[in-house]
Amino acid sequence: DTAVSQTPKYLVTQMGNDKSIKCEQNLGHDTMYWYKQDSKKFLKIMFSYNNKELIINETVPNRFSPKSPDKAHLNLHINSLELGDSAVYFCASSQDRTGMEKLFFGSGTQLSVL
Amino acid sequence: DQQVKQNSPSLSVQEGRISILNCDYTNSMFDYFLWYKKYPAEGPTFLISISSIKDKNEDGRFTVFLNKSAKHLSLHIVPSQPGDSAVYFCAAMEYGNKLVFGAGTILRVKS
């Protein structure tokens, strides 16, 4: 039973489209995250939610909007997709918001914008 | 400006030998450091961590060393096994702030 699951695994779409990536964790964790791994392979945090409350919002275009309906789910919606949005997006969760507790990652969503 | 740097994109080691993966950081406020391991088509998984009050932490075959004055940490894997072949990410944080990752080092352990 996968601890952090995200769907879809692959997403190929045209520029200008709107798409969503879903994430669910069954670990009972309070904090969830979205990370982006860019072409240079750095993992960069985009958003963090703690008990459905937004606690980290990095400098991300407002075309990206996270939604947390409950603490077990954190979805990422992207409007008006651009070529530069192509990347691997990882969802993660942790027991608390300090960051000192280890993160549990999903297997990633490879987004390709054509 | 990358605050966490892993200057070796890849490393190749013979099975049974020691693997040493290096990581440098620039932010002197970082006080907690972690290593994550990633297999292809999977997400990173936590491997080992160290607090700035320590200079060494050991867990089985994995040891992390921290040199605060040099702003440098390293991960030692002894003995290396083919199953250790993966991408290793160094990460650092200041308490209460976000985790900052390096770009990773690809480790290949040859049998």
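All figures in this text were calculated on a predicted structure; none of them were measured in a lab. A note on names: the letters A, B, ... follow the listed sequences, proteins ahead of strands, and every chain is numbered from 1.
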**Request:** Kindly work out whether a path of hydrophobic side-chain contacts (I/L/V/M/F/W/Y, heavy atoms less than 4.5 Å apart) joins B:L11 to B:I77.
**Result:** yes
**Prompt:** Take atom NZ in B:K54; do more than 12 heavy atoms of anything else shown fall under 6.0 Å from it?
**Reply:** no
**Single-linkage hydrophobic cluster A:L43~B:F30, side-chain heavy atoms < 4.5 angstrom** = no
**Side-chain donor or acceptor of A:K44 paired with backbone N/O of B:F101 under 3.5 Å** = no
**Prompt:** Between A:F105 and B:Y36, is the ring centre distance below 6.0 Å?
**Reply:** yes
**Message:** If I measure from the heavy atoms of chain A, does B:Y39 come under 4.5 Å with its side chain, its backbone, both, or neither?
**Reply:** neither
**Prompt:** Under the 4.5 Å side-chain heavy-atom rule for ILVMFWY, direct or indirect, which residues accompany A:Y10?
**Reply:** none
**Item:** Considering all heavy atoms, the nearest B:V4-A:F42 contact
**Value:** O-CE2, 3.9 Å
**Request:** Below 4.5 Å from any heavy atom of chain B, which atoms of A:I56 appear? Answer side chain, backbone, both or neither.
**Result:** side chain
**Item:** Residues in residues 106-114 of chain A near chain B [non-hydrogen atoms, under 4.5 Å]
**Value:** A:G106, A:S107
**Request:** Identify which part of A:F104 has an atom lying under 4.5 Å from any heavy atom of chain B, answering side chain, backbone, both or neither.
**Result:** neither
**Message:** Using side-chain heavy atoms (C-beta onward) and a distance below 4.5 Å, is B:Q2 in contact with A:K40?
**Reply:** no
**Fill in**
For A:K41 and B:F89 the tightest heavy-atom approach is O-CE2, 3.6 Å
**Message:** Do B:L99 and A:I45 have side chains that approach each other closer than 4.5 Å (heavy atoms only, starting at C-beta)?
**Reply:** no
**Prompt:** Are A:L81 and A:W34 connected in the hydrophobic side-chain network, where two residues link if heavy atoms are under 4.5 Å apart?
**Reply:** yes
**Item:** A:Y35 vs B:P44 side-chain heavy atoms within contact, under 4.5 Å
**Value:** no
**Verify same cluster id: A:I21, A:F47 (apolar side-chain graph, 4.5 Å)** = yes
**Item:** Nearest heavy atoms of B:K38 and A:F90, plus distance in Å
**Value:** CE-CZ, 3.5 Å
**Prompt:** Which atoms of A:Q37 come close to chain B, meaning under 4.5 Å heavy atom to heavy atom: side chain ones, backbone ones, both, or neither?
**Reply:** side chain
**Message:** Looking at B:K68, I'd like to know if its NZ atom is crowded, meaning that more than 12 non-hydrogen atoms belonging to other residues, nucleotides or ligands lie closer than 6.0 Å.
**Reply:** yes
**Message:** Take a 6.0 Å sphere around CZ of B:R17 and say whether it holds more than 12 heavy atoms from other residues, nucleotides or ligands.
**Reply:** no
